[in-house]
Amino acid sequence: MDPMTQSDKISSSQGLADGQNAAKESKLSDSFLSSSPVSLIQSPQVKDLIHWRDPKKSGLVFGLSMLLLLSLAAFSFISVASYLLLALLCVTITFRIYKSVVQAVQKSNDGHPFKTLIDKDVSIPPETFRKHVDSSLTHINRALKQMSRLFLVEDLVDSLKLAVVMWLFTYVGAVFNGITILILANILLFAVPPVYEKNKTQIDQYIDVIRTQVNTTMAKLQEKLPGAVKRSKTE
């Protein structure tokens, strides 16, 4: 066989294999994005809540979430969970006794007040469980791959970005604890979307300017670092 023909066949088969691998990685990335927590925030129900489409429902969710977080800030998780379960038991037991007394006085035979809930199937289907396990495994594998890439310095610039972020987090951790950060995040989650929706044009302009400056700075930094691996060359 002609060496040139054989070389062309080998290169074409390698190109086909690379295309298949790229397609697999694209499908994996799309599957991850569709099952990521970001997709939960972008769901219509959550968007309606954080944009205050129904003020009563959004206010109720915001108030309950803040009450829970403030309780966790003041008490331990075990105490908060115990009080919540105790309150739930008090409500259900009181309602059960009340209905029993009413049935005894009226001499009715309505049965157990929670019979419809007791008869309801609350078991998790195996298909649903496997689906969530597969989704969690996708998240775990992607996180492990990213950690390996960053901590083994596959790309020097990305590793330096992580180092800067971790360094900044040391100052954040010195000022705030985890619960305080969650409280601030909850407030921002319900406060930022309405403000952004009202001032979308101006905010987008500022974001574009900041993004351009950051990208320009990072490009200059990547050119000056001698050990930086440039993606454009490797691709």
Side-chain angles (χ1 to χ4, degrees), residues 7-43 46 50 69 72-73 77 129-189 192-193 196 203-235:
S7 176
D8 292 340
K9 288 183 177 181
I10 293 174
S11 60
S12 62
S13 61
Q14 289 177 347
L16 180 61
D18 293 340
Q20 292 176 347
N21 292 333
K24 290 180 180 178
E25 291 179 358
S26 178
K27 290 181 179 179
L28 180 61
S29 177
D30 294 340
S31 175
F32 172 78
L33 291 175
S34 62
S35 61
S36 64
V38 177
S39 64
L40 177 63
I41 298 178
Q42 294 177 347
S43 65
V46 177
I50 62 179
L69 291 173
L72 290 173
F77 173 78
F129 180 78
R130 283 194 291 267
K131 179 181 178 181
H132 285 84
V133 169
D134 293 340
S135 175
S136 301
L137 186 61
T138 303
H139 290 281
I140 293 172
N141 288 336
R142 190 173 190 274
L144 291 174
K145 184 177 180 180
Q146 289 294 331
M147 288 176 61
S148 175
R149 191 178 72 84
L150 291 171
F151 285 98
L152 297 180
V153 199
E154 179 181 337
D155 189 301
L156 181 58
V157 174
D158 288 343
S159 298
L160 288 175
K161 290 179 184 178
L162 178 63
V164 171
V165 171
M166 293 297 103
W167 177 68
L168 293 176
F169 274 150
T170 59
Y171 289 94
V172 174
V175 179
F176 306 106
N177 56 21
I179 294 297
T180 306
I181 293 175
L182 288 177
I183 292 173
L184 294 175
N186 189 58
I187 295 174
L188 292 176
L189 181 64
V192 171
Y196 174 76
I203 294 175
D204 286 342
Q205 291 177 354
Y206 289 120
I207 292 176
D208 290 337
V209 172
I210 295 173
R211 185 186 294 113
T212 302
Q213 292 180 351
V214 170
N215 291 336
T216 303
T217 304
M218 294 308 301
K220 292 180 180 179
L221 178 62
Q222 189 171 3
E223 290 177 357
K224 293 180 179 180
L225 289 174
V229 179
K230 296 180 175 58
R231 295 188 183 92
S232 58
K233 291 184 178 180
T234 58
E235 292 176 355

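For clarity, every value in this text was computed on a predicted model and none was experimentally measured. Nothing fancy with the numbering, it's 1 onward along the sequence.
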- prompt: Among side-chain atoms of Asn177 and Thr180, is any donor-acceptor pair under 3.5 angstrom?
  reply: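 Side-chain D/A pair, Asn177 to Thr180: present.
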Open item on the list: Main chain of Leu182, side chain of Asn186: is a donor-acceptor contact present, judged purely on distance under 3.5 Å?
Closed with: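 Not a single qualifying donor-acceptor pair exists.
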Please check if the side chain of Ser148 supplies one atom and the backbone of Lys145 the other of a donor-acceptor pair under 3.5 Å.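 Judged by distance alone, no pair lies under 3.5 Å.
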How far apart are the closest heavy atoms of Ile181 and Val172, and which atoms are they?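 Shortest heavy-atom contact: CD1-CG1, 3.9 Å.
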Next on the checklist: Looking at every non-hydrogen atom in both residues, tell me the closest pair between Val157 and Asp155 and how far apart they are.
Outcome noted: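 So the two residues come closest at N-OD1, 3.0 Å.
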| Ion pair check, Lys131 and Asp134, cut-off under 4.0 Å | no
#### Entry: Residues, nucleotides or ligands: over 12 heavy atoms within 6.0 Å of Tyr196 OH
yes
Once rounded to the nearest 0.5 Å, what's the spacing between atom [atom1] of [X] and atom [atom2] of [Y]?
{"X": "Glu154", "Y": "Ser159", "atom1": "CD", "atom2": "OG", "value": "8.5 Å"}
{"X": "Ile179", "Y": "Phe77", "atom1": "CD1", "atom2": "CZ", "value": "10.0 Å"}
{"X": "Gln146", "Y": "Arg142", "atom1": "CD", "atom2": "CZ", "value": "5.0 Å"}

* Asked: Given side chains that start at C-beta, do those of Asp158 and Leu162 come closer than 4.5 Å, heavy atoms only?
  -> no
